[in-house]
Amino acid sequence: MRFTINGQSYQADVDIRTSLLDLCREHLGLTGSKKGCDHGQCGACTMLVNGRRVNGCLTLAVMHQDDEIVTIEGLGSPESLHPMQAAFVRHDGYQCGYCTPGQICSAVGMLDEVKKGWPSHVSDDLSDPTFDDGEISERMSGNLCRCSAYPNIVDAIREVAAASGDAKTAPTSREPAEAGA
Amino acid sequence: MFGFGKSDTNALTMDKPHPDSLLDTGAQGVIGKPIDRIDGPLKVSGRATYAAEYDFPDLAYGFLVRATVGAGKVTEVDADSVRGLPGVIDVITDYKTFIRNPGQGGDTNKPPQGVADVAYFGEPIAIVVADSYEAARDAAQQLRVSYEAKEGRYSFAAYREEHDKPPEGVMPPYTGTGDPDAAFEGAAVKIDATYTTPSQNSAAMEPHASTAVWEGDELHLYGAYQMLSTDRIQLAKAMGMKPDKVRIIARYVGGGFGSKLGIAPESVAAAVAAKAIGRPVKCVMARQQVFDATVRRSNTEQRVRLGADADGKLVMLGHNSLVSNLPEESFFEPCGQATQFLYAAPNITITHDIVRLDWLLAASMRAPGEAVGMIALECAMDELAEAVGLDPIELRKRNEPGEHPIDHIPFSSRQLVPCMERGAALFGWSKRKPAAGDRRGEWLYGMGMAASARSNMLQKSSAKVSIDGQGRATVETDMTDIGTGTYTILAQITSEILGLPIDDVTVKLGDTAFPPAAGSGGSFGAGSSGTSVYLACEALRGQIADKMGVAADGLTLKDGRAIGDNRSVPLAELVGDGIAATGEVAPGKQEKETLQSSYGAHFCEVAVNAVTGEVRIKRMLGVFAGGRILNAKTARSQILGGVTFGIGTALSEELMHDPRNGKIVNRDLGEYHVPVNADVPQIDVEFLSERDIHANPMHAKGLGELGISGAGAAVANAIYNATGVRARDFPLTLDKLLDGLPAV
């Protein structure tokens with residue numbers, strides 16, 4: 001079969017049981033996408049398929065001939081980081097690093113969803129959701145981080161969203177219910 | 001003592017205080033700074049390689065087979081039932097060699113072996129190897145295994161009356177002072193409350209994984225482990241080999257939190273299988289197998305008794321714990337660890353007893369002891385504050401001890417009171433209302449606080465540091481970085497002492513080919529491995545001073561230059577072809593002569609829904625003192641992670657054991673609820689300035705487990721303040737609050 005991953009064309013002879021995640025990790029040497037649960041429960045395998053974030057462990061490789069697949073390796077390299085990758089480093093949006101590729105791919109896909117006006121479970125207005133920390137946390141809750149860099153992940157995403165200049169992702173601050181003295 | 005320029009090993013046993021620190025006199029100015037992780041670009045781009053991400057020609061895939069009875073004997077593994085499946089190479093059982101339980105952290109004995117006997121449901125009994133992952137998994141699930149099942153002990157409630165006193169662990173199982181029962185009897189104010197916490201799982205994001213490669217008679221294992229120097233010994237002994245024939249490589253580890261301290265079953269299984277088939281074997285435990293067959297934190301039943309006079313001064317402190325473990329295991333969850341020294345009381349009893357159950361191994365999970373023990377102690381203190389009519393902070397201040405209340409030794413450094421005072425001011429604690437006194441619509445608001453303490457330890461550790469002909473330094477040690485920031489802080493220590501830009505320092509970790517280190521665990525990683533690097537750099541400073549012809553204390557190293565005697569010479573010129581030194585640290589008398597611990601204070605505000613009982617954490621804040629902070633950014637992250645573990649303990653984490661066979665019922669991340677992003681608010685962290693000259697030459701203490709210690713109690717105390725409901729059976733799920741909530 002033929003796959004297009006990170007703009008590169010790959011040929012692979014895969015088992016019908018092979019997940020998109022295992023195709024990348026075990027057949028193509030693309031080990032950036034991580035396997036944390038193999039059940040779509042942790043999000044470590046999040047990648048972008050035709051621009052949308054998916055759990056690579058929950059979809060079979062044979063379903064993706066001719067799809068445009070982007071994994072963490074395709075977003076940027078250590079020498080040339082994607083703005084989201086750089087923001088995760090700056091804000092320490094990770095510790096062990098294992099959930100990180102999934103978090104970053106998820107964040108990139110999520111911001112695109114916000115730009116398209118898609119609401120979330122916590123949106124007050126389903127037709128025109130505002131964008132704030134609560135929205136980021138809600139929309140990123142499919143990506144577990146046991147080291148719990150969540151506050152830093154929110155900081156990183158908020159910064160990238162603000163810098164993108166898109167009105168839809170201009171963060172509005174939602175004050176805590178009661179500020180400290 | 002150090003033999004500068006003569007010997008290449010600089011050894012220190014921490015027998016005396018170490019008042020001077022090269023980290024105070026260094027000129028580079030990087031220590032403590034919030035610099036980005038040096039391994040960051042590799043991690044965020046997916047280029048950091050974890051245990052299952054090394055490729056080898058002819059690599060075969062292994063999948064573990066689990067026992068599906070809770071106790072008994074394996075009578076037959078019908079390998080022929082799957083040998084014919086496409087891609088399957090073999091089914092391998094080695095009843096004698098496979099390990100039954102994972103190794104305990106730091107143990108230099110082999111873990112219990114022998115898997116013909118089933119000790120718990122899910123015990124790995126065989127491994128299927130195949131040309132592909134899919135084929136191995138499929139065959140493992142189809143494999144027919146027969147058992148002779150036995151009766152087992154699967155219910156804590158049923159066997160809680162039968163328990164035994166374990167041997168000494170990190171603390172004595174029984175300790176205390178005075179006459180606690182009589183003192184409690186005569187106390188003016190009494191709290192007698194029992195708190196229960198369930199079994200928990202570390203749930204590190206990277207599942208346990210081993211890739212075993214035989215190079216002749218040498219075993220190379222790419223593993224996901226925290227303490228390589230002792231893991232190597234465990235693995236060698238289990239395989240019947242000499243440790244120098246075993247090499248473990250773990251350059252990046254996807255979290256551990258205790259679950260990867262000792263070797264887990266996939267290591268030996270992969271090694272045996274690789275030898276049997278003559279090919280490298282990669283075995284990654286499925287997430288469900290991680291829940292079934294690695295380690296759990298023991299469930300606990302903790303009775304806390306506090307007796308106080310009318311002013312809130314403790315006359316008695318009792319903390320009696322029942323925990324559980326497998327029949328032959330000596331590890332007990334040391335719930336009373338911090339209770340030994342946190343508060344002044346003339347009469348103290350602390351006990352731990354083990355209920356023997358046929359559940360998977362109980363072992364260390366982040367802050368063994370304090371993580372659940374301080375929930376009981378700090379919730380009980382909150383109850384006492386309420387009973388005496390004192391602010392919880394004032395109660396704790398009245399019971400601040402001047403020395404260790406049992407051992408009567410001084411504290412090496414202790415800023416619990418300043419942490420509480422600073423935290424109260426930052427958090428707005430003065431606005432806290434009486435219990436159930438702040439309703440806003442359908443939400444009940446409340447604030448809670450708790451103290452934090454985590455014992456500080458130093459472990460044997462060594463490291464080699466070299467400077468090459470270009471003036472660049474390389475650190476080598478088999479220390480691991482499991483997300484703790486070790487790569488970065490070791491680079492900072494080297495940079496500071498040798499006066500090198502941090503980009504000129506390379507840190508190589510996670511390979512037993514390097515000098516043995518303490519490993520990552522017990523909050524001792526930074527202090528122990530950092531000191532070994534400090535000592536190696538100190539020796540190199542001596543060598544450089546000799547080459548400059550100046551005294552070491554007259555030498556300044558900065559930006560790659562040696563400055564002294566009115567000369568400034570590039571390091572690269574001085575070192576010729578290069579110089580190297582090894583640093584070795586060992587614990588000494590200081591840990592017996594002083595009580596060493598990090599401290600902090602947690603503050604939490606919650607909103608509890610009056611209709612549903614749902615708890616939302618609105619904000620958390622913690623102020624901590626852990627000696628010198630080596631990197632303000634990674635230190636803060638360690639605290640964030642710990643606090644969030646505390647949130648999980650308080651609200652959602654619970655391993656459920658089937659009372660019929662001990663099976664973990666909720667054995668995946670969909671059913672075992674670790675906190676998600678939306679559960680965790682922004683968390684404010686502040687560190688107080690502190691130096692601990694008794695801990696190590698860096699004057700730093702442990703932080704990795706400080707954040708979890710007491711955090712869950714702050715959440716629980718906030719829930720009480722919000723609702724007036726004192727639930728003591730953790731996690732505090734909404735069903736435990738509903739009955740006590742006000743009428744809607």
Side-chain angles (χ1 to χ4, degrees), chain A residues 15 17-18 22 25-26 29-39 41-42 44 71-73 75-78 81 85-86 88-90 92 94-101 104 122 133-134 136-138 140-154 176-181, chain B residues 36-37 39-50 53 55 132-134 138 203-207 252-255 257 284 286-287 425-428 430-431 445 482-485 605 607 618-619 621 633-634 636-638 640-641 644-645 668-670 674-678 680-683:
Chain A
D15 193 307
R17 297 168 294 186
T18 303
D22 284 331
R25 285 176 63 82
E26 307 300 339
L30 295 168
T31 56
S33 306
K34 305 304 182 195
K35 184 185 283 190
C37 71
D38 221 10
H39 274 60
Q41 297 170 336
C42 76
T71 67
I72 191 70
E73 291 96 337
L75 285 182
S77 64
L81 295 176
Q85 293 171 322
F88 267 64
V89 173
R90 224 165 23 248
D92 217 35
Y94 59 105
Q95 291 200 64
C96 79
Y98 199 77
C99 75
T100 313
I104 290 171
V122 298
D133 286 4
I136 296 175
S137 287
E138 170 63 24
M140 291 299 294
S141 282
N143 291 86
L144 301 182
C145 172
R146 186 57 156 165
C147 301
S148 223
Y150 296 133
N152 295 347
I153 289 170
V154 171
E178 181 141 327
Chain B
D36 296 342
R37 285 171 203 259
D39 49 335
L42 287 177
K43 283 180 173 173
V44 299
S45 62
R47 266 73 163 193
T49 42
Y50 298 80
E53 298 173 356
D55 194 24
S132 74
Y133 170 70
E134 293 79 12
D138 190 18
M205 295 310 300
E206 179 200 24
Y252 296 94
V253 181
F257 316 112
V284 181
R287 174 58 62 184
L426 289 171
F427 196 69
S430 61
K431 294 181 182 170
Y445 277 71
I482 61 171
T484 36
E605 182 177 49
K618 306 309 285 185
R619 55 196 181 100
L621 178 145
K633 185 176 286 193
T634 57
R636 174 176 173 273
S637 289
Q638 281 287 287
L640 293 181
T644 306
F645 261 69
D668 61 41
L669 294 170
V674 306
V676 304
N677 200 317
V680 180
Q682 287 293 321
I683 297 170

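This is a predicted model, so every value here is computed, not measured. Proteins get letters first, then strands, A, B, ... in listed order; numbering begins at 1 in each.
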Worksheet item: Under 3.5 Å, is there a donor-acceptor pair between the A:Asn152 and B:Ser637 side chains?
Response: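 Yes, a side-chain donor-acceptor pair sits under 3.5 Å.
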
Quick check on [X] against chain B: is it the side chain, the backbone, both or neither that has a heavy atom closer than 4.5 Å?
X        : result
A:Arg17  : both
A:Asp15  : side chain
A:Thr100 : side chain

Chain A heavy atoms under 4.5 Å from [X]: which part of the residue, side chain, backbone, both or neither?
X        : result
B:Ile482 : backbone
B:Val674 : both
B:Asp668 : both
B:Tyr252 : neither
B:Pro675 : both
B:Ala48  : backbone

Worksheet item: Do B:Glu134 and A:Asp22 have side chains that get closer than 4.5 Å, going by heavy atoms?
Response: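 When only atoms from C-beta onward are counted, A:Asp22 and B:Glu134 do touch, with a gap below 4.5 Å.
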
Worksheet item: Do B:Thr634 and A:Asp92 touch side chain to side chain, with heavy atoms closer than 4.5 Å?
Response: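 With C-beta onward as the side chain, the pair touches.
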
Residue selection (most heavy-atom pairs with chain B, distance under 4.5 Å) from [options]:
options                              : value
A:Glu73, A:Gln41, A:His39            : A:Gln41
A:Leu75, A:Ile153, A:Thr18           : A:Thr18
A:Pro101, A:Gly32, A:Gly97, A:Gly142 : A:Gly97

Practice prompt. Kindly confirm or rule out a cation-pi arrangement of A:Arg25 over B:Tyr133, judged by NZ or CZ under 6.0 Å from the six-membered ring centre and within 45° of its axis?
Written response: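 Judged by the rule, A:Arg25 and B:Tyr133 form no cation-pi pair.
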
Practice prompt. Determine yes or no for a side-chain-to-main-chain donor-acceptor pair under 3.5 angstrom, with A:Ser141 supplying the side chain and B:Ala678 the backbone.
Written response: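 Yes; judged by distance alone, with no hydrogens or angles, the pair exists.
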
